[in-house]
Amino acid sequence: MNITLRQLRAFLAVSQHGGFGRAGDRVGLTQSAVSRSIRELEEQLGVRLLDRTTREVLLTATGQRLSAQLTRVLDELDGVLAEAHQAGEQAKGTVRVASSPTLSASLMPACLAACGQRYPQVQLQILDQVQRLNLDSVLSGEVDFGLVVDPRAQPGLEGEAVVSDPFCLVLRPDHPLAQQDSVQWRQLQDAPLVLLDGNSGSRPLIEAALAAQGVSAHVVQQLGHSSAVFRVVEAGIGISISPRLALPLPAGSQLTVRPLLPEIRRDVMLVRRAGRSLSPLAEKVWQLMREVLTTQ
């Protein structure tokens, strides 16, 4: 059967108001459209629902039973639709998310696009700054939540990992290590390293990885942005350990990338204040970003 909601509402209106004209006024249809809808409904059901005379319209026994049941069913449907509409109306406003420049460039565009599609009346604002400031912004409530590199059990924060990102080696193609398909961490002993500074969420993870592999770090330069790191490496000052998400390399760069073995990864996390609930709107955006990022 191919019964439409329009047909059911037209029939219920006739049963309640006793005529096609009054029913049409109720459901916003012409008298002829109401008559046609009920005729189509009767054809689909294979049973007469109304007895029509020149003076009145009466329900058949089957029509009476259907009318009584439809009243309850359509009332329930109207309630469900009203609830869905209310939920949609609530999805309005601004959600602020802190994110570092690397994550803003690599991960946030997909999140912004998905938010715009699912919640067109939500303004997702990105606070783009270094990790240390991002953590402060989440803790202070300046933002609703943050997308950050694993802060290693930062007091006052809770979260969940959404992306796992490996570290790799960035170097000039004329460097001896560039001749290998992959590079062992231990081969970085005494190598001049150009790294992101301590404001980066990756810096303590890189230092921990070097220590775990028994490598003494020889940092010759530390800079605030990956693009600056790459330019200094390109100038021949040293080599760099970089998260994969910091790539691709700048346009026209002559640098090359090699995997570091054993593979060591950093976790990118959604974080919020511990023990604090997000607003309903921020919770919607959190869940959306979680969905987008865990499927990339």
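Just the heavy atoms: all of them, side chains too, but no hydrogens, waters or symmetry mates, feed the values below.
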(request) Determine the sole option in Leu193, Leu196, Asp197, Val194 for which the side-chain contact (heavy atoms from CB on, under 4.5 Å) test with Gln222 is passed. (result) Asp197
(message) Which heavy atom of Pro173 sits nearest to which heavy atom of Gln254, and what is that distance?
(response) CD-O, 2.8 Å
(message) Any non-hydrogen side-chain atom of Gln213 less than 4.5 Å from a side-chain atom of Pro262?
(response) yes
(request) Consider only side-chain N and O atoms of Ser32 and Thr30, and report whether a donor and an acceptor are under 3.5 Å apart. (result) yes
(message) Within the structure provided, determine whether Met269 and Gln154 are in side-chain contact (heavy-atom separation under 4.5 Å).
(response) no
(request) State whether the side chain of Asp144 and the backbone N or O of Ala282 hold a donor-acceptor pair below 3.5 Å, judged by distance alone. (result) no
(message) Quick one: does any side-chain atom of Glu158 pair with a main-chain N or O of Arg272 as donor and acceptor, under 3.5 Å?
(response) no
(message) Can you give me the closest heavy-atom contact between Pro109 and Ser106, atom names plus distance?
(response) CD-C, 4.2 Å
(message) What I want to find out is whether Arg39 reaches Glu42 closely enough, with some N-O distance under 4.0 Å, to be called a salt bridge.
(response) no
(message) Keeping Arg172 on the side-chain end and Leu255 on the backbone end, is there a donor-acceptor pair under 3.5 Å?
(response) no
(message) Let me confirm one number: the CG-CZ distance from Leu270 to Arg290, rounded to the nearest 0.5 Å.
(response) 9.0 Å
(message) Would you say that Ser67 contacts Phe11 through its side chain, given a criterion of any heavy-atom pair below 4.5 Å between the two side chains?
(response) yes
(message) Would you say Arg96 and Gln125 are linked by a side-chain donor-acceptor pair, where the criterion is simply a distance under 3.5 Å?
(response) yes
(message) With rounding to the nearest 0.5 angstrom, report the CG to CD distance, Leu293 to Glu291.
(response) 10.0 Å
(request) Kindly indicate, with the supporting measurements, whether the criterion side-chain contact (heavy atoms from CB on, under 4.5 Å) is fulfilled by Val47 and Thr60. (result) CA-CA 10 Å; Val47 65; Thr60 66; 5.8 Å; no
(message) Quick one, Val97 with Val143, criterion side-chain contact (heavy atoms from CB on, under 4.5 Å). Give me CA distance, side-chain angles, the key distance, then yes/no.
(response) CA-CA 6 Å; Val97 179; Val143 297; 6.0 Å; no
(request) State, to 0.1 Å, how close Gln44 and Ile3 come at their nearest heavy-atom pair, and which atoms those are. (result) CB-CG1, 3.8 Å
(request) Determine the minimum heavy-atom distance between Leu195 and Ser240, stating which atoms define it. (result) CD2-OG, 4.4 Å
(message) Does this structure show an ion pair linking Glu263 with Arg244, if we count only N-O contacts that are shorter than 4.0 Å?
(response) no
(request) Indicate yes or no for a side-chain donor-acceptor contact from His175 to the backbone of Leu177 under 3.5 Å, with no hydrogens or angles considered. (result) yes
(message) Taking the side chain as everything from C-beta on, heavy atoms only, tell me whether Leu124 gets closer than 4.5 Å to Tyr119.
(response) no
(request) Take Gln221 and Val229 through the side-chain contact (heavy atoms from CB on, under 4.5 Å) test and state the conclusion after the steps. (result) CA-CA 8 Å; Gln221 290 292 335; Val229 169; over 6 Å; no
(message) Same cluster or not: Leu66 versus Val73, using hydrophobic residues (I, L, V, M, F, W, Y) connected whenever any side-chain heavy atoms lie under 4.5 Å apart?
(response) no
(request) Write down the atom of Arg132, the atom of Asn199, and the distance for their closest heavy-atom approach. (result) NE-OD1, 2.8 Å
(message) According to a hydrophobic-cluster definition based on side-chain heavy atoms being under 4.5 Å apart (Ile, Leu, Val, Met, Phe, Trp, Tyr only), do Leu223 and Ile237 belong together?
(response) yes
(request) Give a yes or no on whether the backbone of Val138 and the side-chain of Glu142 come within a donor-acceptor separation of less than 3.5 Å. (result) no
(message) Quick one, Ser200 and Gln131 - any side-chain contact, counting heavy atoms below 4.5 Å?
(response) no
(message) Between Arg152 and Pro204, is there a side-chain heavy-atom distance shorter than 4.5 Å?
(response) no
(message) Check for me, please, whether Leu29 and Leu49 land in the same ILVMFWY cluster - side-chain distances under 4.5 Å, paths through other members count.
(response) yes
(message) Strictly distance-based, threshold 3.5 Å: is any side-chain N or O of Ser137 a donor or acceptor partner for the main-chain N or O of Leu133?
(response) yes
(message) Looking at every non-hydrogen atom in both residues, tell me the closest pair between Ala33 and Arg6 and how far apart they are.
(response) CB-NH2, 3.7 Å
(request) Using a cut-off of 6.0 Å, state whether more than 12 heavy atoms not belonging to Asp181 lie near its atom CG. (result) no
(message) Starting from Val268, can I reach Trp286 by hopping between I/L/V/M/F/W/Y residues whose side chains sit under 4.5 Å apart?
(response) yes
(message) Count I, L, V, M, F, W, Y as connected when their side-chain heavy atoms are under 4.5 Å apart, and connections chain through other members. Are Leu147 and Val95 then in the same cluster?
(response) yes
(message) Measuring only between side-chain heavy atoms, which start at C-beta, is Pro166 closer than 4.5 Å to Arg265?
(response) yes
(message) Between Thr102 and Ser100, does the side chain to side chain donor-acceptor pair (under 3.5 Å) criterion hold? Intermediate values first, please.
(response) CA-CA 6 Å; Thr102 296; Ser100 69; 5.1 Å; no
(request) List the steps, then state whether side-chain contact (heavy atoms from CB on, under 4.5 Å) holds for Leu157 with Phe145. (result) CA-CA 10 Å; Leu157 293 178; Phe145 59 88; over 6 Å; no
(request) Output the distance between atom CD (Glu40) and atom CG (Asn2), rounded to the nearest 0.5 Å. (result) 9.5 Å
(message) Nearest 0.5 Å, please: how far is OG in Ser37 from CG in Leu8?
(response) 10.0 Å
(message) Please check if the number of heavy atoms outside Glu76 that lie under 6.0 Å from its CD is greater than 12.
(response) yes
(request) State, without any angle test, whether Glu283 and Gln287 hold a side-chain donor-acceptor pair at a distance under 3.5 Å. (result) yes
(message) Can you tell me which residue among Asp267, Val149, Leu107, Leu103 is in a side-chain contact (heavy atoms from CB on, under 4.5 Å) with Val163?
(response) Leu107
(message) If you define the side chain from C-beta out and look only at heavy atoms, does anything of Met108 sit under 4.5 Å from Cys111?
(response) yes
